[in-house]
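Structure first, commentary second.
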Amino acid sequence: MDYLDGSCCEICGCYFQHPDKDELFTHGYPAVCWDCWDEMSKKERKGHTRAITRTI
């Protein structure tokens with residue numbers, strides 16, 4: 001369920017790293033990590049949001 005609050009990628013399940021702290025980052029909404037985003041087509045990206053931080 002961590003993908004619902006944006007703690008992990010909704011595609012691969014990797015968790016997001018807080019950019020300034022040594023802890024997890026939560027977007028507050030479902031997000032797709034940068035690696036998965038790069039592999040998605042423009043059509044697949046519709047309805048998804050790209051993460052604003054890297055994964056762990």
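These numbers were taken from a predicted model, which means no experiment stands behind them.
- Between the SG atom in Cys9 and the CZ atom in Arg50 there is a gap of 11.5 Å [rounded to 0.5 Å].
- When all heavy atoms are compared, the tightest approach of Thr55 to Cys14 is CG2-CB, 3.7 Å.
- Under the rule for a ring-ring contact (aromatic ring centres under 6.0 Å, His included), the partners of His18 that lie at least two apart in sequence or sit in another chain are Phe25.
- Counting only heavy atoms from C-beta outward, the side chains of Thr53 and His27 approach each other to under 4.5 Å.
- Other residues, nucleotides and ligands contribute at most 12 non-hydrogen atoms within 6.0 Å of the CZ atom of Arg54.
- Taking 4.5 Å as the limit, every side-chain heavy atom of Phe16 sits out of range of all side-chain heavy atoms of Thr26.
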Identify all side-chain donor-acceptor contacts of residues 32-40 below 3.5 Å with residues at least two apart in sequence or on another chain.
from: Trp34; atom 1: NE1; to: Ala51; atom 2: O; distance (Å): 2.7

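- Tyr15 is listed as a side-chain neighbour of Asp2, based on a closest heavy-atom distance under 4.5 Å.
- Heavy atoms only, all atoms of each residue included: Gln17 and Glu23 are closest at NE2-O, 3.4 Å.
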